[in-house]
Amino acid sequence: MALGDLMASRFSQSSSSSVLVSNHFSEFPSRDDGSSALVVVEQRRDSEAASSSSDNVAGAAAATTSMAYLPQTVVLCELRHEGFEGSVPTGPSESGLVSKWRPKDRMKTGCVALVLCLNISVDPPDVIKISPCARMECWIDPFSMPAPKALETIGKALLAQYERWQPRARYKHQLDPTVEEVKKLCLGCRKNAKSERVLFHYNGHGVPKPTANGEIWVFNKVNQSYTQYIPLPVSDLDSWLRTPSIYVFDCSAAGMIVKAFIERQDWSSSSSAGSSMKDCILLAACGAHETLPQSAEFPADVFTSCLTTPIKMALKWFCGRSLLRDTIDQFLIDRIPGRQNDRKTLLGELNWIFTAVTDTIAWNVLPHDLFQRLFRQDLLVASLFRNFLLAERIMRSANCSPISYPVLPSTHQHHMWDAWDMAAEICLSQLSSLIEEPNAEFQPSPFFTEQLTAFEVWLDHGSEHKKPPEQLPIVLQVLLSQCHRFRALVLLGRFLDMGPWAVDLALSVGIFPYVLKLLQTSAMELRQILVFIWAKILALDKSCQVDLVKDAGHIYFIRFLDSIDAYPEHRAMAAFVLAVIVDGHRRGQEACINADLVHVCLKHIQLANPHDAQSEPLLLQWLCLCLGKLWEDFPEAQVTGLHADAPSIFTSLLSEPQPEVRASAVYAMGTLLDGGSDSFRDVGGDEDSDDDEKVKAEINIVKSLLAVVSDGSPMVRAEVAVALARFAFGHNKQLKSVAASFWKPHANSLLSSLPSLANISSTVSGYGNASPYMQPASASQIGPVLRVGSDSTAVGRDGRVSTSSPLANSGIMHGSPLSDDSSQHSDSGILLNDSANNGVINHSRSRSLDGGMYYKCVLAMCSLAKDPSPRIASLGRRLLSMIGIEQVVTRTLRFGNGTVRHGDAAISTPSPNLAGLARSSSWFDMNAGHLPLTFRTPPVSPPRQSYLTGMRRVCSLEFRPHILNSPDSGLADPLLGSGDSSSISERSLLPQSTIYNWSCGHFSRPLLTSADDSEEISARREEREKYALDRIAKCQHSSAGKVNNEIASWDTKFDMGTKAVVLQPFSPIVIAADETERIRIYNYEESSLLNSFDNHNFPDKGISRLCLVNELDDSLLLVASCDGNIRLWKDYTLKGKQRLVTAFSSIQGHRSSVRSMNTIVDWQQQSGYLYASADIPSIMLWDLDKEQLINSMASTSDSSVSALSASQVHGGQLAAGFVDGSVRLFDIRTPEMLVSTTHPHRQRVERVVGIGFQPGLDPAKIVSASQAGDVQFLDIRRNSEAYLTIDAHRGSLTALAIHRHAPILATGSAKQLIKVFSLDGDQLGSIRYRSTFIGQKIGPVSCLAFHPYQFLLAAGAADTYVTIYADDNSQPR
């Protein structure tokens, strides 16, 4: 199957299976009733239900119905939720370990020196030859012609044999030379080769063996006759040739020479003089005490023949040992048809197979760095070492051991030689017919097909922890063949998909130049596979971008990206490749701009229907990231993007359901904010040179970004913070001026100095058009800072504005989306200063267009600084420090322990050095509310002068007359005069985006196979489903018990009592939280505390609700705070190992105007929706799968919501109780959403404390309990009348719990009483006393929670105890 088909199959499987686990309720309006929402749920186990109940139709129906109780939706389990808070992702590397595959220094052998000392017809004195004896030299019989001619012929033949391997080198030879001739030859070669490698080949068959002192022998010629042998020390040879060099010694006892070279290396390493052996390579024919083979079956120069004519030597040797020796004349081997470089001929096929075999042996035997040096650095050296492996095999059969330096392990018995023998035999079997019939068709060997099959088998069973596939070098060779290329690429793609380790192996074997060259092909069938392979390569090593641009490879990927017929996921890979090409690479950026990449990407973003289910989010994500990288720090490209109206195109993506797409769009828009231009930094104050159009474009971009500053995904908010940092850098003076406005002495002057803000309330609801679901805020929305003033005296004695002002009471900024907790700090004033030189926006020309936008940017930064995600909050604080607000924080929020305590606005008297500055809570304190940490200096280590050295502080000398002498001055004063620092160093301190690096990790992970643990996860879920169904059946069919048997009691040691409690469904674990949001997890069977941690470190505390998300899988703990912040924790039962998965503000943009806010939330697993409300006229609907606010339902009531309950059976149904005692039923699947409104609590109208759906599949039955103590049983089909009323308590009802499946409920009272009722209204029992020896009364009940599948009730009280009650059949623990 082709890789493209594999990927298509894989993606289709993942998309089809996601029906069970994704959050898809867009089809709600088409459903007629609640039960139809369960169709998807019922599909999963159809076959299982049918097989298990084939004999009982009723049983099958019951099983199907029971599955309705088990939600199949799983949320917040994507890769983006793994370690967002804990680590910063890294993208493809461009150096370090991953680039070891690149040959460090490409080498070429530029000159070859051939020295032959044959002295034909004269045997050396130390050699006794046998008869018959080996005589052939370079396949020439020296005795077949006169000796001088034979010597010359042999020399020319050797030169021709070497030229086949390196035709471009310069060749020189000396025949039976003297020492001077050798010296002249060596010095000339080194001079010609310069820094290139020199090869020195020595044939010493006509001279004595080398000496123990490391000397080879040459001649002393007198009158054209040889008089004596002259020794030549290898030290002289080495000094003449120097390095880099390679020596080939073909003589007996050649190992002596190698030994001498190694001794010379040891000596030179301890001396400053001498040559280095690092680039010296030696090949010797035999060991120090061995003699060359003399058998007539070998040529005399068998070692040289193996190195220079390996195919001929190998076939002759093989024929003498195979069954073919009687059928093939060895002389036919000299007539093998074809050319070595033509793979379609017999000789070319044999050479190709031989290269593959020897490469494979070397790859599997040698260390990778040595393989790179010997087989990938120099073509001639690689050929000689391949052939050296053959020499070892052949000469070992003659009891001779060739030696090399560097030393190679023994390879003569490697099993790949068997594959070579088989391939040689198959090819030789055709030799006779091919010679007889030159036109006969050559049948290729099945060698490569079989090796690819072996590689495929390894892919089916191999892994990172097993031995690497030995066929990898063969796959590289197969890429050269058009007939095998497609299959080889598919298998290579599968291998690369196994992980970065596989990519590194493939690169180190030498795959890179092959796949780079393949980009020049126009074969359509290879496009998808090549794009996939390049995506895998670039996910590991970014440095390949240079090679791609150099070879114009970017054109290939742009064309592929622009092809509509390709799969969207493959085009996403092309976009990824292009993103890496332009990432920090100016030449790549310029090349892609010239190739019109901007318009190609924007065109396909527009073509993709933003809300089309068939569109590929990955493609949209990488189109955005590609453009972002193209624009990053490249003004010319940014101008191109702005001219193409890119911001408006990206704006439509900010509402995409995938957080990755939204974050990528924010990142791309942020890169269009040119934070490095002097014109926007206003260094000289001359704004006439500003580009007005670009300023307007940037303002529009920021407007769009502010709309998602409260997005449900931390990933998106992080990118918004980074984009705002770029904006703050480029528009620093304007933003600082806005920040400085909050020190103006009179509120009225502040109003008058903001003419552009006067209209904000009529046009903007905090962020412009932040969301279609956000309700308009109250009339005067200027800013929380303006919610101070004075009724008679505007300024108090301490410099603060009085909070009794009509301004404060008139509700300026009342309910603003960005004034989250402004009312909580209404007792705080504004810091004042008498300086009139720092106006709000005092530019040289009108900026009415953007003045309000700067103001809203400051508010957005404050909102980010209070973000429930610690990482986002840190980014927000860095943003505020960029515009100088950290000076105020230092002055008003810093304490000895470095923390902030709520309400401690001012704790010291004003410093004499700060005359004129009030020691009070600042505007920032009002807006930032509960920042956990102060920051006198920006959070970088080691400390630097400033985040933005050279930027003028807001609190400059005009604001602080004596600040230079103040020991408590916040930032170091030298930064005030450091205006000459470069913008590059300043920008390096800006927060950096992480979405690109994080997204790159997608292509490093397997894309063609599912995760290994998927089967284990499925098995565990099936086991839990089986358990749950069994327990549900028991709950439904058992008679309701009293549930008053205390089985466990736990002293939580909460100072303020327990506020929320929840029981885990599949473990004996209870989770409790107190008002300070301290969370403790307790095992009530083992009576042990498992974990304890704080939900957050902000000073404003208050718990609203605990819920379990994904309870049938790895459950997450959802913790809802009273301020509307939602945090979800993973691994919360492991001591100290809890991890924050995500966090967001569920009612951001709808903050209350009262001091204490109590957000009400409930979680619905069936739909994946979180419902939230507070003192606001709407109920917010969050999709946790999309991490997005998808709707806002009007509550249609003048009073606020006091209780929420989402149906756990019918996705989309919600019941809400209100402060005025009314009850409303909502169904988001209907267009009008509101189903009914009732007022059941009419006798004593008090707030609804608890509400919930009755057990079972009936969507119309609800139970509501009011604070007055009455419990009403409602059936929506009976209009507004309750069909049953229970007077459970005489006032003070504080808690209601309804069992999810059993027909019981429980109520709790502040008067230390718990009552248990059946759904028929019968009281089953009551709990007043604890089961202790004294029998003391229980504490005032604050919360109740039933176990979802058992008759267990957890009760939390104000006396720090959490108690677990069971029915009468349970035993206490």
Side-chain angles (χ1 to χ4, degrees), residues 69-71 73-77 1017 1020-1032 1034-1035 1043 1046-1050 1052 1054 1058-1074 1077-1093 1095 1103 1105-1120 1127-1141 1161-1166 1184 1206 1208 1295 1297-1302 1306 1343-1356 1361-1367 1370 1372-1373:
Y69 296 111
L70 303 181
T73 304
V74 181
V75 298
L76 301 176
C77 57
I1017 293 174
R1020 181 177 58 196
R1021 182 181 175 92
E1022 288 182 7
E1023 181 182 352
R1024 289 186 172 183
E1025 285 181 351
K1026 183 178 179 181
Y1027 170 84
L1029 290 174
D1030 179 62
R1031 302 301 302 188
I1032 289 172
K1034 290 182 178 178
C1035 288
V1043 196
E1046 180 181 325
I1047 62 171
S1049 185
W1050 167 38
T1052 61
F1054 287 147
T1058 304
K1059 185 70 182 295
V1061 67
V1062 66
L1063 288 164
Q1064 264 202 359
F1066 302 105
S1067 303
I1069 291 174
V1070 59
I1071 306 161
D1074 69 347
E1077 300 194 56
R1078 183 71 179 174
I1079 299 168
R1080 290 195 167 102
I1081 295 93
Y1082 183 76
N1083 186 313
Y1084 52 83
E1085 280 191 352
E1086 300 176 358
S1087 301
S1088 60
L1089 181 66
L1090 301 179
N1091 196 13
S1092 178
F1093 61 93
N1095 189 36
I1103 198 77
R1105 183 74 188 274
L1106 295 178
C1107 299
L1108 291 179
V1109 177
N1110 305 337
E1111 66 177 28
L1112 288 171
D1113 301 272
D1114 286 334
S1115 63
L1116 305 175
L1117 178 63
L1118 185 151
V1119 184
R1127 296 173 177 85
L1128 287 103
W1129 297 89
K1130 186 177 183 179
D1131 300 331
Y1132 53 89
T1133 61
L1134 304 178
K1135 188 173 183 63
K1137 295 183 178 180
Q1138 68 279 351
R1139 290 191 294 114
L1140 186 63
V1141 173
V1161 303
D1162 199 20
W1163 161 246
Q1164 189 174 60
Q1165 188 73 46
Q1166 286 281 9
L1184 290 198
Q1208 297 304 318
I1298 306 170
H1299 200 286
R1300 192 183 298 178
H1301 303 290
C1343 54
L1344 295 172
F1346 275 109
H1347 190 285
Y1349 308 120
Q1350 297 181 32
F1351 286 101
L1352 293 178
L1353 175 66
Y1361 278 93
V1362 171
T1363 309
I1364 312 295
Y1365 301 97
D1367 56 12
S1370 301
R1373 293 179 173 89

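Keep in mind that the numbers below use all heavy atoms, side chains included, and drop hydrogens, waters and symmetry copies.
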inquiry  = Quick test of your reading of the model: are Lys1026 and Asp1030 salt-bridged, counting only N-O distances below 4.0 Å?
reply    = no
message = What I want to find out is whether Asp1131 reaches Lys1137 closely enough, with some N-O distance under 4.0 Å, to be called a salt bridge.
response = no
If you look at every heavy atom in [X] and [Y], which pair is closest and at what distance?
X: Leu70; Y: Ala1028; result: CD2-CB, 3.8 Å
X: Pro1065; Y: Pro1348; result: CB-CG, 3.6 Å
X: Val1362; Y: Ala1072; result: CG2-CB, 4.0 Å
X: Ala1355; Y: Leu1344; result: CB-CD2, 3.6 Å
X: Leu1140; Y: Arg1127; result: CD1-CB, 3.7 Å

Spacing of [atom1] belonging to [X] relative to [atom2] belonging to [Y], to within rounding of 0.5 Å:
X: Glu1046; Y: Thr1363; atom1: CD; atom2: OG1; result: 5.0 Å
X: Lys1135; Y: Ser1092; atom1: NZ; atom2: OG; result: 7.0 Å
X: Arg1031; Y: Phe1351; atom1: CZ; atom2: CZ; result: 9.0 Å
X: Ile1071; Y: Arg1080; atom1: CD1; atom2: CZ; result: 14.0 Å
X: Ile1069; Y: Glu1085; atom1: CD1; atom2: CD; result: 9.5 Å
X: Tyr1084; Y: Ser1067; atom1: OH; atom2: OG; result: 8.5 Å

So, [X] side chain and [Y] main chain: donor-acceptor pair closer than 3.5 Å or not?
X: Gln1165; Y: Thr73; answer: yes
X: His1301; Y: Gln1350; answer: no
X: Gln1208; Y: Ala1206; answer: yes
X: Asn1091; Y: Thr1133; answer: no
X: Asp1074; Y: Arg1078; answer: yes
X: Arg1105; Y: Ala1060; answer: no
X: His1347; Y: Leu1353; answer: no
X: Asn1083; Y: Ser1088; answer: no

Considering only heavy atoms from C-beta outward, does the side chain of [X] approach that of [Y] to under 4.5 Å?
X: Trp1163; Y: Leu1128; value: no
X: Leu1108; Y: Leu1116; value: no
X: Val1141; Y: Trp1129; value: no
X: Ile1081; Y: Phe1093; value: yes
X: Leu1352; Y: Leu1063; value: yes
X: Val1062; Y: Cys1107; value: no
X: Trp1050; Y: Leu1089; value: yes
X: Ser1087; Y: Tyr1082; value: yes

note = side-chain contact (heavy atoms from CB on, under 4.5 Å) filter on Ala1073, not counting sequence neighbours, yields Ile1079, Ile1103, Leu1106
request  = Please step through salt bridge (charged side-chain N to carboxylate O under 4.0 Å, His left out) for the pair Arg1021 and Glu1025, ending with a clear verdict.
outcome  = CA-CA 6 Å; Arg1021 182 181 175 92; Glu1025 285 181 351; 2.9 Å; yes
message = Under the criterion side chain to side chain contact (heavy atoms under 4.5 Å, CB included), I'd like the reasoning laid out for Arg1020 against Asp1114: C-alpha separation, chi angles, the key distance, then a yes or no.
response = CA-CA 10 Å; Arg1020 181 177 58 196; Asp1114 286 334; 3.1 Å; yes
query = Aromatic rings Tyr1349 and Tyr1027: how do their planes relate, parallel, tilted or perpendicular, breaks at 30° and 60°?
reply = perpendicular
